[in-house]
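Atoms considered below: every heavy atom in the structure, side chains included; atoms not considered: hydrogens, waters and symmetry mates. In listed order, ligands and their atoms are each counted from 1.
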Amino acid sequence: MKDLFTPYELKDLKLKNRVVLPPMCQYSVTEKDGIATDWHYNHYVSRAVGGTGLIIIEMTDVEPDGRITDYDLGIWSDEHIPALARIVDACHAYGAKVGIQIAHAGRKAEDAAVPVSSSPIPFDDKSKTPRELTTAEVKDMVGKFQAGVRRAVKAGFDVIELHGAHGYLIHQFHSPLTNRRTDEYGQDLTLFGKEVIAAARQEMPEGMPLIMRISAQEYVEGGYGLKESLNIGAAYKEAGADIFHISAGGEGAIAAAGRPGTHAAYQVPLARAFKQELAVPVIAVGRLDEPALANAVIGNEEADLVAVGRGMLRNPYWTLEAGVQLGKAAGVPKQYTFGFPRTNN
Ligand SMILES: Cc1cc2nc3c(=O)[nH]c(=O)nc-3n(C[C@H](O)[C@H](O)[C@H](O)COP(=O)(O)O)c2cc1C
């Protein structure tokens, strides 16, 4: 019987427990240069001290105009590597493994003078109309993702996540709402994502898992549903994705009828469907911050790993607290043992 504190292993990745910090933008780059600051260091290292098994660094973009805002992290230059490596090394020292979400915001790049996308369709009526990437530029973009992954591997990350969710560039390509292209990238909506996966794999050691984050369901009228996203997932699995991180939405102004549930565990059925239908390991996310609930998702084999986002913004020691509530040894740092029952040490 597995629980939240059962170690997890896939290829060369070995996690001490099944708790994941999902990527969450901190908008805390101070010089608009994409370089991680002391805020990022303190934020991520606190969650490592707090017992998190896997920390995934926020959306980190492959070119300046691929950022949501100018305060986001970048990975378009070797100058980004040292500050990221410093965070990775410190998280490792406290027993966490570390991933990074490699991304491009596409039409959701708010500070770009002219954002780019698969097709020239704005996000909503307040957004800039993006410029459609030429076929040659799409191929270049695959190279930018590849260079970002190469830098991440150099920085010492244990795992790479590609951001294929929430209406960002990879999602823009695989959604029929935002990809109206007539070239090969429009004939096969998953071609861009598959090429990014293959390019990433070329830079990654054989034993390093690749996570694909995907919106398993769109909430806009006429958007794709689970049946279609399972097909997208199958194509990405075939291309080399090892783990799926199952989220939803983010593609545009939500139709009233399409509003997502806000109840606990609202995205777990989507994660479970990916796990069952595609026979892949999955990370479930979305209002899983009650330890007993997160534990049940693992115990019931609905997901392999559980991510806790806003719950960990509130409490960097979420995992240690979960250990108390579940009566499990969570590996409390020796400096903090007086604050916890003996059984959690
Ligand atoms: C402040 C904030 C920033 C976020 N930034 C990202 C991001 O960079 N990449 C991403 O894929 N999701 C991002 N998300 C979504 C979270 O990773 C997570 O999927 C979401 O918060 C639902 O999980 P929760 O209910 O545990 O918070 C963000 C969420 C929040 C609250």
Side-chain angles (χ1 to χ4, degrees), residues 4 18-29 34 36 39-40 43-44 47 50 52-62 66-75 84 87 98-106 108-110 148 152 159-172 193 210-219 241 243-251 259-271 274 282-295 297-298 303 305-316 318-319 321-322:
L4 211 49
R18 292 172 182 245
V19 183
V20 178
L21 175 75
M24 283 183 289
C25 287
Q26 298 296 294
Y27 307 108
S28 294
V29 169
W39 175 267
H40 299 96
H43 169 65
Y44 291 112
R47 272 84 195 154
T52 316
L54 174 63
I55 289 169
I56 306 178
I57 303 242
E58 67 203 75
M59 175 162 176
T60 299
D61 303 295
V62 300
R67 294 173 290 180
I68 304 173
T69 78
D70 289 348
Y71 302 97
D72 297 356
L73 290 182
I75 196 148
L84 292 171
I87 295 172
V98 200
I100 183 168
Q101 188 182 51
I102 307 287
H104 190 296
K108 290 175 84 173
E110 294 168 11
V159 61
I160 303 292
E161 176 168 297
L162 294 172
H163 200 345
H166 303 166
Y168 296 108
L169 191 64
I170 295 176
H171 184 167
Q172 286 160 36
L210 178 64
I211 304 171
M212 176 55 100
R213 196 170 224 213
I214 188 165
S215 289
Q217 186 181 326
E218 293 188 318
Y219 293 125
I243 302 177
F244 284 82
H245 193 169
I246 305 301
S247 191
E251 65 285 347
R259 287 210 172 271
T262 49
H263 49 274
Y266 65 100
Q267 293 175 150
V268 169
L270 302 171
F274 265 69
V282 297
I283 307 174
V285 66
R287 299 227 27 214
L288 288 168
D289 38 304
E290 275 301 324
L293 182 60
N295 198 46
V297 168
I298 301 295
L305 301 168
V306 164
V308 177
R310 287 163 293 179
M312 275 211 235
L313 291 183
R314 277 198 304 279
N315 180 6
W318 187 92
T319 308
E321 288 286 353

query = Does a side-chain heavy-atom distance below 4.5 Å link Val29 with Arg67?
reply = no
Would you check whether [X] reaches within less than 4.0 Å of ligand 1, judged by its heavy atoms?
X: Val285; answer: yes
X: Gly286; answer: yes
X: Leu288; answer: no

note = atom 1 (C) of ligand 1 sits nearest the protein heavy atom Cys25 O, 4.0 Å
Option of least heavy-atom distance to atom 19 (O) of ligand 1 (set: Met24, Arg213, Gln267) = Arg213
key: Nearest option to atom 16 (C) of ligand 1, as decided by whichever heavy atom of Ser247, Pro23, Ala248 sits closest   = Pro23
query = Within the structure, does Arg310 bring an N/O atom to less than 3.5 angstrom of an N/O atom in ligand 1?
reply = yes
ask   = Looking only at N/O atoms, are Gly309 and ligand 1 under 3.5 Å apart anywhere?
value = yes
task = Could you pull out all residues at least two apart from Arg213 that satisfy side chain to side chain donor-acceptor pair (under 3.5 Å)?
result = His245
query = Counting only heavy atoms not in Glu290, do more than 12 sit closer than 6.0 Å to its CD atom?
reply = no
message = Return the CG to CG distance between Leu73 and Leu84, rounded to the nearest 0.5 Å.
response = 6.5 Å
